[in-house]
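Notes follow the structure.
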Amino acid sequence: MQALKILKSSRIEFFKNKKFFIDEVSFSKNVFIPLSNACRNRCAYCGFVSENPDILDKRKVKSILELGAKYKCREALFTMGEKPESNKKIKKKLKKFGYSSTIEYLYDLCREALKYKLLPHSNVGVASMEELKALREVNASLGLMLENVSERLCAKGMPHEHSPGKNPKLRIKTIELAGKLKIPFTTGLLIGIGETYDEIYESLLCIRELNEKYGHIQEVIIQNFKPKKGTPMENFKEPSTFKLLKVTYASRVLLETLGIQVPPNLNKRWQLFLFYGANDLGGVSPATIDYINPEAPWPRIEELRRKTNKLGIRLKERLPIYEKFIEKGWYSEEVGEIIDDNKSKIC
């Protein structure tokens, strides 16, 4: 119950707890590939989904992969809406490309990324066992934000009312399937969309229980809501830094040794979180923007290094698959060759 007390507290005395102090913080040098901006969900805060959706062709994807290789990135981050082929225009385009589904197309694109010595990390939304099994062959890791376990957030008038894929039972099932398949996995919470502290606590407990059962969660993102112009939640306030600090600290207490990420491009005071349990800065790209949050540019890697060094903390580059999963051999032979190649070159 310590974590729940932290969440509901009006103050934090974390600095007295030395066991959470860190001497290094990690990040992954990536190239961001927004494969499709079509989605079956209509979240009230999302500015990524387009009313005139499209999907990138192979030529465009290859040009982004070339850019990533030029900047010596290690990760190819593939993002898309959930089940883009539910849109007739996308389905027609996929058929023209020679594919029946986005995940079938993504499989070949991930294999293309490996040719550029980039390790794919894909976020595809809710997925089946068969889809995850296929993606495991060509991805170093996969990701799906839990966001929150509360079904209340799916009720009428709430942010997930028109988002069938945000049903927490479906998302939990996908994360569990990834565990059964031994896929290194990234998940996280979205803070500031109307959730309560009790719901945050229950969400963190859910992640802990899944990891205790399967041991596959490598990091948990504590992501703050950012209002997007033109969305139903454009006038909602962002969560306070104090609230995010409490969630970060509670996450560290509950999740112990897991990576806790706070995105530096979404938090101007990102350094503070390093003293409250965060030990990772997630993907940072020198080559592409954050297409989910285009209004929030990533800090330059040199700036991150300068600011962390000033705190006495070393900035360490990592791969999109954490070292402990490399040691366990939780990857395919095809992916393993690129892991070995990148490990020898990483800064």
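Just so you know, these numbers use all the heavy atoms, side chains as well, and skip hydrogens, waters and symmetry mates.
Geometric assessment of Lys243 against the ring of Tyr197 yields a positive cation-pi assignment under the 6.0 Å and 45° thresholds.
Under the 30°/60° scheme for interplanar angles, the aromatic rings of Tyr45 and His160 are found to stand perpendicular. Ring-plane geometry between Tyr99 and Tyr105 is classed as tilted, the angle between the planes lying from 30 to 60 degrees on a 0 to 90 degree scale. Between Tyr276 and Tyr249, the angle of the ring planes goes over 60°, which puts this pair in the perpendicular group of the 30/60° scheme.
Lys58 places a side-chain heavy atom less than 4.5 Å from the side chain of Asp108. For the pair Leu319/Ile326, a side-chain contact is recorded, criterion being any heavy-atom separation below 4.5 Å from C-beta on. With a 4.5 Å cut-off on side-chain heavy atoms, Asn123 and Leu77 count as touching. Put simply, the side chain of Leu65 does not reach to within 4.5 Å of the side chain of Leu109, judged on heavy atoms. Residues Val126 and Arg40 have side chains in contact (heavy-atom distance under 4.5 Å, counting atoms from C-beta outward).
Between Glu317 and Lys72 there is no salt bridge, since none of the side-chain N atoms of the basic residue sits less than 4.0 Å from a carboxylate O of the acidic one. Ion pairing between Glu195 and Arg152 fails under the 4.0 Å rule for side-chain N and carboxylate O. In this structure, Glu256 does not pair ionically with Arg208, as no charged nitrogen and carboxylate oxygen lie closer than 4.0 Å. Comment: Lys93 does not engage Asp57 in a salt bridge, judged by the lack of any side-chain N to carboxylate O separation of less than 4.0 angstrom. The pair Glu147-Lys166 counts as a salt bridge, with a side-chain nitrogen and a carboxylate oxygen less than 4.0 angstrom apart.
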- Message: Working note: Ile191 + Phe225, criterion side chain to side chain contact (heavy atoms under 4.5 Å, CB included); need CA distance, chi angles, decisive distance, verdict.
- Response: CA-CA 6 Å; Ile191 307 300; Phe225 156 77; over 6 Å; no
Exercise. Yes or no on salt bridge (charged side-chain N to carboxylate O under 4.0 Å, His left out) for Glu176 and Lys173, after CA distance, side-chain angles and deciding distance?
Worked result: CA-CA 5 Å; Glu176 186 167 26; Lys173 183 180 179 182; over 6 Å; no
Under the criterion side chain to side chain contact (heavy atoms under 4.5 Å, CB included), I'd like the reasoning laid out for Leu56 against Ile64: C-alpha separation, chi angles, the key distance, then a yes or no.
CA-CA 10 Å; Leu56 301 181; Ile64 299 173; 4.1 Å; yes
Under the salt bridge (charged side-chain N to carboxylate O under 4.0 Å, His left out) criterion, do Arg171 and Glu82 qualify, and how do the steps go? CA-CA 12 Å; Arg171 297 178 90 74; Glu82 186 171 281; 3.7 Å; yes
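Scanning both residues, Ser141 and Pro320, for their nearest heavy atoms gives OG-O, 2.8 Å. Taking all atoms of both residues into account, the shortest heavy-atom contact from Leu190 to Met145 is N-CE, 4.3 Å. Shortest non-hydrogen contact noted between Ala140 and Pro184 is O-CG, 3.8 Å. Considering every non-hydrogen atom in both Asn87 and Pro53, the closest pair reads ND2-CG, 3.4 Å.
To the nearest 0.5 Å, the span separating CG on Asn265 from CD on Glu295 amounts to 8.5 Å. Leu281 CG to Thr308 OG1: the interatomic distance, rounded to the nearest 0.5 Å, is 7.5 Å. In this structure, Thr79 OG1 and Asn37 CG are separated by 9.5 Å, a value rounded to the nearest 0.5 Å. Between atom NZ of residue Lys117 and atom CD1 of residue Ile338 there is a gap of 4.5 Å, rounded to the nearest 0.5 Å. Between Leu181 atom CG and Ile183 atom CD1 the span is 4.5 Å, to the nearest 0.5 Å. Atom OH of residue Tyr291 and atom CD1 of residue Ile33 lie 9.5 Å apart, to the nearest 0.5 angstrom.
By the neighbour-count criterion of 12 heavy atoms within 6.0 Å, atom NZ of Lys91 is sparsely surrounded, having that number or fewer from other residues, nucleotides or ligands. Around the NZ atom of Lys328, the shell of radius 6.0 Å holds more than 12 heavy atoms that belong to other residues, nucleotides or ligands. Under a cut-off of 6.0 angstrom, the local environment of CD in Glu302 is crowded, with over 12 non-hydrogen atoms contributed by other residues, nucleotides or ligands. Within 6.0 Å of atom NZ in Lys324, more than 12 heavy atoms from other residues, nucleotides or ligands are found, so the atom counts as buried in its surroundings. The number of heavy-atom neighbours closer than 6.0 Å to NZ of Lys89, taken from other residues, nucleotides and ligands shown, is above 12.
A ring-ring contact (aromatic ring centres under 6.0 Å, His included) with Phe325 holds for exactly one of Trp330, Tyr331, Phe185; it is Trp330.
No hydrogens or angles considered: nothing links the side chains of Glu85 and Ser101 as a donor-acceptor pair under 3.5 Å. Side-chain N/O atoms of Asn41 and Lys83 include no donor and acceptor closer than 3.5 Å.
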